[in-house]
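For reference, the structure is listed below as structure tokens.
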Amino acid sequence: MKSYKSMSQEELSALYEELKKEYIDAKGKGLNLNMARGKPSKAQLDMSMDILDALSSKDNAITESGIDSRNYGDLTGIPEAKQLMADVMGTDPQNVIVFGNASLPIMYDTVARSYCFGVNGSTPWCKLDKVKWLCPVPGYDRHFAITEQFGIEMITIPMNSEGPDMELVKKYVEEDETIKGIWCVPKYSNPTGITFSDSVVRAFAALKPAAEDFRIFWDNAYAVHDLYEDKKDELIDILSECALNGNEDMVYEFCSTSKVSFAGAGIAAMATSEKNRKWVESTMTIQTIGYDKMNQLRHVRYFKDIDGLKVHMKKHADMLRPKFEAVLKCFESELGGLDIATWTEPKGGYFISFDAMEGCAKEIVAKCKEAGVTLTGAGATYPYKKDPKDSNIRIAPSFPTPEEMELASRVFVLCVKLVTVEHLLQNK
Ligand SMILES: Cc1ncc(COP(=O)(O)O)c(C=O)c1O
């Protein structure tokens with residue numbers, strides 16, 4: 001295929017007319033497809049329905065250690081659930097607090113707690129003149145929304161194929177005491193799908209922050225979300241690496257079963273040092289008498305242990321893989337060699353990150369919308385929704401069927417070509 005950039009004005013104009021016709025045809029099909037949010041599909045959710053039978057009215061609700069899950073108490077969760085979530089994160093159950101239905105509220109509360117009450121006795125962030133945060137980009141819009149809501153100034157850090165640019169992270173964290181945190185999705189990152197390399201994790205663990213209340217928000221949302229049995233990414237355990245460096249208090253790790261059991265109706269956990277846990281618990285105990293232990297018990301009765309959970313994850317992978325592959329195949333066959341875009345090829349998680357030619361992303365998303373294909377808003381993967389290059393688009397292949405995904409991808413690549421040619425013509 002000929003690179004668009006090497007085409008003459010005449011060639012581009014002719015191509016533009018062709019693409020415009022194709023686009024009018026596509027619009028005429030009256031499609032209504034959505035590749036915007038990383039939701040599990042109906043088939044994935046159906047597969048988890050047996051969880052609801054794992055704890056019936058005929059079963060006892062007593063845990064192995066004798067806790068009556070129907071009653072108040074046991075603020076930090078039942079031991080079996082701590083074990084399961086610890087195994088998901090690859091840490092020790094003693095580091096874990098099990099919370100409620102999802103992990104985002106834990107992250108929100110962790111920021112809110114620090115803002116109102118400080119971190120392990122430090123000055124509450126609300127009393128500081130300036131609080132800043134590092135945001136590897138492209139990243140997860142809902143992370144950025146939390147820090148934005150608390151008026152925290154967000155600084156972007158470029159992501160490369162091994163994780164965030166650690167030289168830059170180190171410089172900011174070690175030289176500026178107003179930097180209080182960093183968002184990380186270390187495995188099958190949202191949206192790039194990359195996994196942080198061992199050296200990146202070790203560089204995080206070895207940081208010497210200027211601020212004593214600096215914390216790494218390690219959102220391990222896709223810890224067990226491999227697409228391929230034989231090509232799994234491995235992430236080393238940040239908690240033990242931090243401990244090796246005498247930095248045990250520097251990290252909060254989060255995870256949930258939102259994309260294991262039910263989205264927003266699973267169980268979620270945090271793993272962190274003893275000192276941090278005590279601080280968190282001092283607020284939790286005012287917030288609640290205890291989270292939903294029945295749901296915790298239901299989950300452990302169903303999965304039994306990490307091996308049971310991994311068997312379940314293979315079934316998710318079988319449903320997700322064809323969708324990722326349909327998208328990637330379409331990108332490769334339609335855009336490969338045109339020199340107008342790049343994209344990631346994740347081995348797990350829920351997203352593909354697509355970079356169009358600079359200045360084209362917003363228009364591509366708008367054109368797709370007009371043709372009945374909804375995408376995540378351009379810019380959403382950047383703090384304040386501002387992608388300085390207007391080039392990144394997050395593709396979420398999980399929700400539509402593979403057939404719908406193929407159709408949606410075809411419309412998407414058509415819009416990419418159309419908008420890029422238009423852009424090249426304008427800039428010739
Ligand atoms: C990186 C990341 N963290 C957290 C979440 C939300 O998780 P939960 O449902 O546990 O709040 C998502 C959902 O897309 C995500 O991509």
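All figures in this text were calculated on a predicted structure; none of them were measured in a lab. Every number for a ligand or one of its atoms is a count from 1 in the order of the listing.
- Near A221, meaning under 4.0 Å from any of its heavy atoms, are these atoms of ligand 1: 1 (C), 2 (C), 3 (N).
- In terms of protein heavy-atom proximity, atom 5 (C) of ligand 1 is closest to Y140 OH, 3.4 Å.
- Between the side chains of S197 and E162, a donor-acceptor pair is found at a separation under 3.5 Å.
- R394 and A36 get closest at one heavy-atom pair: NH2-O, 3.2 Å.
- The shortest N or O to N or O distance between V185 and ligand 1 is not below 3.5 Å.
- The heavy-atom pair separating R301 from A54 by the smallest distance is CB-O, 3.7 Å.
- Looking only at protein heavy atoms, the nearest one to atom 4 (C) of ligand 1 is D219 OD2, 3.4 Å.
- Ring-centre distance between Y382 and F144: not below the 6.0 Å cut-off.
- Contact annotation for S103 and ligand 1: heavy atoms of both the backbone and the side chain come within less than 4.0 Å of the ligand.
- The single protein non-hydrogen atom nearest to atom 11 (O) of ligand 1 is L104 N, 2.9 Å, given as residue, atom name and distance.
- Judged by the 6.0 Å distance and 45° axis criteria, K259 is positioned over the aromatic ring of Y350.
- Below 4.0 Å from some heavy atom of A102 lie the following atoms of ligand 1, by number and element: 8 (P), 9 (O), 10 (O), 11 (O).
- Considering each of K187, K259, R142, the one bringing a non-hydrogen atom nearest atom 14 (O) of ligand 1 is K259.
- Of the N and O atoms on the side chains of W183 and T147, at least one donor lies less than 3.5 Å from an acceptor on the other residue.
- Screening N95, N220, T272 against E253 for a side chain to side chain donor-acceptor pair (under 3.5 Å) leaves a single residue, N220.
- Among T342, N190, T381, N392, the single residue meeting the side chain to side chain donor-acceptor pair (under 3.5 Å) criterion with S353 is N392.
- Residue Y222 places a heavy atom under 4.0 Å from ligand 1.
- Proximity of N190 to ligand 1, defined as any heavy-atom pair under 4.0 Å, is confined to the side chain (atoms from C-beta onward).
- Near S256, with a cut-off below 4.0 Å to any heavy atom, the atoms of ligand 1 are 8 (P), 10 (O).
- Summary of contacts: the protein heavy atom closest to atom 9 (O) of ligand 1 is S258 OG, 2.6 Å.
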